[in-house]
Amino acid sequence: MTELLHQHRQKISKSRSNFPRKNVRHANRDAQSGAIMTYLTQKNGQVSLKEESEYFGYQANYFSRLCRKLFATDFVHLRRNIRINLAEDQLLLTNKKLEEIADELCYQDLSSFSKAFAESTGFSPGKYR
């Protein structure tokens, strides 16, 4: 159990970084992508395009294009991938009920969480666990 908690703390610390917080406008691609991912991870993927673009001082349309350029995917799919990765960690490292995990990651209900998880991983949350 102690080893699992240690591994869990290491995974949680993924969101802690030395990337610039807001001022990434003139930063290189790595710093921009790192700051965007750090912000999304810290918010558990529960942030809108408008909120995140305002945080970094961009127009929403430009920020959406920037995400596509940096990550080769749009903001919505990037946010979904973050939420699924967090769900995977929760499923492997906790005994939380599926409903609790879905609620923490702001899915409307268990069925929408299960559908999104299965589409992304190829497994139902129960089978993944």
Side-chain angles (χ1 to χ4, degrees):
M1 186 65 162
T2 304
E3 184 62 29
L4 280 176
L5 286 173
H6 178 67
Q7 290 174 0
H8 182 63
R9 283 190 194 105
Q10 287 177 331
K11 287 182 182 266
I12 289 174
S13 69
K14 283 190 226 176
S15 66
R16 298 172 193 253
S17 74
N18 294 324
F19 286 110
R21 294 285 181 214
K22 286 186 174 186
N23 191 10
V24 296
R25 190 172 296 271
H26 301 290
N28 65 31
R29 289 175 61 113
D30 291 337
Q32 287 177 328
S33 59
I36 290 168
M37 289 298 284
T38 298
Y39 185 77
L40 259 175
T41 304
Q42 288 173 342
K43 297 288 185 176
N44 290 337
Q46 300 172 28
V47 64
S48 69
L49 174 64
K50 182 181 179 200
E51 291 169 333
E52 188 157 357
S53 63
E54 286 176 358
Y55 177 83
F56 288 108
Y58 292 114
Q59 295 290 326
N61 288 339
Y62 178 80
F63 188 74
S64 180
R65 288 191 308 270
L66 179 63
C67 285
R68 186 169 293 284
K69 180 177 145 186
L70 293 173
F71 304 108
T73 188
D74 61 10
F75 179 79
V76 172
H77 287 95
L78 181 64
R79 183 179 60 192
R80 180 178 162 196
N81 290 340
I82 294 288
R83 292 167 77 188
I84 295 299
N85 286 336
L86 291 169
E88 288 174 344
D89 291 346
Q90 295 255 352
L91 289 167
L92 293 175
L93 299 173
T94 70
N95 290 326
K96 291 180 182 178
K97 294 180 181 179
L98 297 179
E99 292 85 359
E100 289 178 77
I101 295 171
D103 186 52
E104 285 178 11
L105 297 174
C106 291
Y107 281 94
Q108 291 177 342
D109 53 32
L110 180 58
S111 65
S112 61
F113 167 65
S114 296
K115 182 180 176 183
F117 191 88
E119 285 176 1
S120 185
T121 64
F123 298 99
S124 70
K127 293 266 189 209
Y128 187 87
R129 180 175 264 169

Does a side chain donor of either Ser64 or Asn61 reach within less than 3.5 Å of an acceptor in the other side chain?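 No, because no side-chain N or O of Ser64 sits under 3.5 Å from a partner of the opposite role on Asn61.
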Using atom types as modelled and distance alone, determine if a side-chain donor or acceptor of [X] lies under 3.5 Å from a backbone N or O of [Y].
| X | Y | result |
| --- | --- | --- |
| Asn44 | Gln46 | no |
| Asn85 | Asn81 | yes |
| Arg29 | Lys69 | yes |

Between [atom1] of [X] and [atom2] of [Y], what distance do you get to the nearest 0.5 Å?
| X | Y | atom1 | atom2 | value |
| --- | --- | --- | --- | --- |
| Lys127 | Thr121 | NZ | OG1 | 12.5 Å |
| Thr41 | Lys43 | OG1 | NZ | 12.0 Å |
| Arg79 | Asp74 | CZ | CG | 9.5 Å |

Student check: side-chain heavy atoms of [X] and [Y] closer than 4.5 Å:
| X | Y | answer |
| --- | --- | --- |
| Ser124 | Ser114 | no |
| Met37 | Phe71 | yes |
| Asp89 | Thr94 | no |
| Leu40 | Phe75 | yes |

Any Lys/Arg nitrogen of Lys96 or Glu104 sitting under 4.0 Å from an Asp/Glu carboxylate oxygen of the other?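 Between Glu104 and Lys96 there is a salt bridge, with a charged N closer than 4.0 Å to a carboxylate O.
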Look at the side-chain heavy atoms of Ile, Leu, Val, Met, Phe, Trp and Tyr, link any pair under 4.5 Å apart, and say whether [X] and [Y] land in one connected group.
| X | Y | value |
| --- | --- | --- |
| Val47 | Tyr62 | yes |
| Leu92 | Ile82 | yes |
| Leu86 | Val76 | no |

Heavy-atom closest pair, residues [X] and [Y]:
| X | Y | result |
| --- | --- | --- |
| Ser120 | Ile84 | OG-CG2, 3.7 Å |
| Arg83 | Leu105 | NH2-O, 2.6 Å |
| Arg129 | Ile101 | NH2-CD1, 3.8 Å |
| Cys67 | Leu78 | SG-CD2, 4.4 Å |
| Phe63 | Ser53 | CB-CB, 3.5 Å |
| Ser33 | Leu70 | N-CD1, 4.0 Å |

Check the pair Leu91 / Leu98 against side chain to side chain contact (heavy atoms under 4.5 Å, CB included), numbers first and verdict last. CA-CA 8 Å; Leu91 289 167; Leu98 297 179; 3.4 Å; yes
More than 12 non-hydrogen atoms from neighbouring residues, nucleotides or ligands closer than 6.0 Å to CD on Gln59, yes or no?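 Check fails, neighbour count at 12 or below.
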Should we count CD of Glu119 as having more than 12 external heavy atoms under 6.0 Å?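 Buried by this count: over 12 neighbours within 6.0 Å.
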Ring-plane angle category for Phe117 and Tyr128, please: parallel below 30°, perpendicular beyond 60°, tilted otherwise.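 Ring orientation, 0 to 90° scale: perpendicular.
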Aromatic rings Phe56 and Tyr39: how do their planes relate, parallel, tilted or perpendicular, breaks at 30° and 60°?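 The rings of Phe56 and Tyr39 stand perpendicular, inter-plane angle above 60°.
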